[in-house]
Amino acid sequence: MLPEVNRLRSSTIFSAVTKSGQKVSTQNLVMYGVNNFDHKSQKSYPVQFGLIINRSVGGAVKRHKVARLIRHDLFNYLGSFKPNTVVVVRVLKQSESYSKDISELISKLLSKFMVSA
């Protein structure tokens with residue numbers, strides 16, 4: 001499970017990342033990421049992941065189950081990102097498994113970070 005410190009909860013950061021971050025997508029997911037996010041302080045922050053799950057995925061119980069599954073998958077990629085990186089995952093459609101999509105999006109996002117660095 002994704003540790004509490006790695007969960008994004010700030011609505012202002014969600015908004016900033018989705019508006020100005022690097023964007024990659026698949027049929028079921030969209031991932032936004034900002035490398036070296038400016039947290040308005042000199043302090044170093046751990047990698048943070050946020051989730052946005054559309055109502056089209058299902059009711060509250062289904063959306064929470066999807067969130068747990070995706071957070072479990074994201075835990076495996078914590079070491080792939082540098083500190084101060086913020087990633088937001090938007091779930092568009094219901095799927096049997098998001099693991100393959102997440103793996104594909106993480107590699108695309110990391111390659112975009114390399115190009116823009």
Side-chain angles (χ1 to χ4, degrees):
M1 189 54 88
L2 198 60
E4 191 75 23
V5 71
N6 297 110
R7 293 186 190 184
L8 179 60
R9 299 200 186 275
S10 168
S11 61
T12 55
I13 297 176
F14 264 98
S15 180
V17 171
T18 56
K19 289 179 183 170
S20 64
Q22 299 283 339
K23 178 181 172 182
V24 292
S25 62
T26 64
Q27 186 176 8
N28 301 319
L29 301 173
V30 177
M31 188 175 285
Y32 306 90
V34 176
N35 199 10
N36 297 322
F37 187 80
D38 183 15
H39 286 278
K40 305 291 184 207
S41 71
Q42 302 302 320
K43 188 176 171 184
S44 177
Y45 284 84
V47 177
Q48 291 185 317
F49 292 103
L51 298 175
I52 301 171
I53 303 176
N54 290 348
R55 285 188 174 170
S56 63
V57 171
V61 173
K62 178 68 177 173
R63 291 194 312 267
H64 285 290
K65 182 178 181 181
V66 168
R68 285 192 309 272
L69 293 172
I70 289 176
R71 281 195 301 265
H72 182 76
D73 287 339
L74 290 173
F75 176 78
N76 298 325
Y77 298 100
L78 280 175
S80 301
F81 295 97
K82 296 177 184 176
N84 291 336
T85 300
V86 181
V87 177
V88 174
V89 178
R90 182 184 299 268
V91 180
L92 302 175
K93 297 179 184 176
Q94 186 175 349
S95 174
E96 294 299 316
S97 172
Y98 296 100
S99 298
K100 181 181 176 204
D101 287 345
I102 288 174
S103 174
E104 180 182 329
L105 289 175
I106 295 278
S107 64
K108 283 183 184 178
L109 190 61
L110 286 171
S111 67
K112 278 196 170 191
F113 284 165
M114 295 298 181
V115 170
S116 65

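Everything quoted here is computed from the prediction, not taken from an experiment.
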Are any non-hydrogen side-chain atoms of [X] and [Y] less than 4.5 angstrom apart?
X	Y	value
Val88	Arg90	no
Leu51	Leu74	yes
Pro3	Leu78	yes
Val91	Leu29	yes
Ile102	Tyr77	yes
Arg9	Gln48	no
Val17	Phe37	yes
Ile52	Thr18	yes

Report task. Verify side chain to side chain contact (heavy atoms under 4.5 Å, CB included) between Ile106 and Met31, making sure each step is shown before the conclusion. Result -> CA-CA 8 Å; Ile106 295 278; Met31 188 175 285; 4.0 Å; yes
Query raised in the report: Got a donor-acceptor contact below 3.5 angstrom from the Ser103 side chain to the Lys100 backbone?
Result: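 Answer holds: no.
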Could you give the side-chain donor-acceptor pairs of residues 59-67 under 3.5 Å, partners two or more places apart or in another chain?
residue: Arg63; atom: NH1; partner: Gly58; partner atom: O; Å: 2.8

Quick one: pull up [atom1] in [X] and [atom2] in [Y] and give me the separation to the nearest 0.5 Å.
X	Y	atom1	atom2	answer
Lys112	Leu109	NZ	CG	8.0 Å
Glu104	Ser25	CD	OG	9.0 Å
Phe81	Leu110	CZ	CG	4.5 Å

How close do [X] and [Y] get, heavy atom to heavy atom, and via which atoms?
X	Y	result
Ser99	Asp73	OG-OD2, 2.9 Å
Thr85	Val87	CG2-CG2, 4.1 Å
Val5	Pro46	CG2-CG, 3.6 Å
Phe113	Gln22	CE2-CG, 3.9 Å
Met1	His72	N-ND1, 4.1 Å

Requested in this report: Using the rule that two of Ile, Leu, Val, Met, Phe, Trp, Tyr join whenever any of their side-chain heavy atoms come within less than 4.5 Å, decide whether Ile53 and Leu69 are in one cluster.
Outcome: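 Ile53 does not cluster with Leu69.
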Requested in this report: Evaluate the criterion side chain to side chain contact (heavy atoms under 4.5 Å, CB included) for residue pair Tyr45 and Val86; output intermediate values, then yes/no.
Outcome: CA-CA 9 Å; Tyr45 284 84; Val86 181; over 6 Å; no
Requested in this report: Verify the neighbour count for atom NZ of Lys23: are there more than 12 heavy atoms of other residues, nucleotides or ligands below 6.0 Å?
Outcome: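 No, not enclosed.
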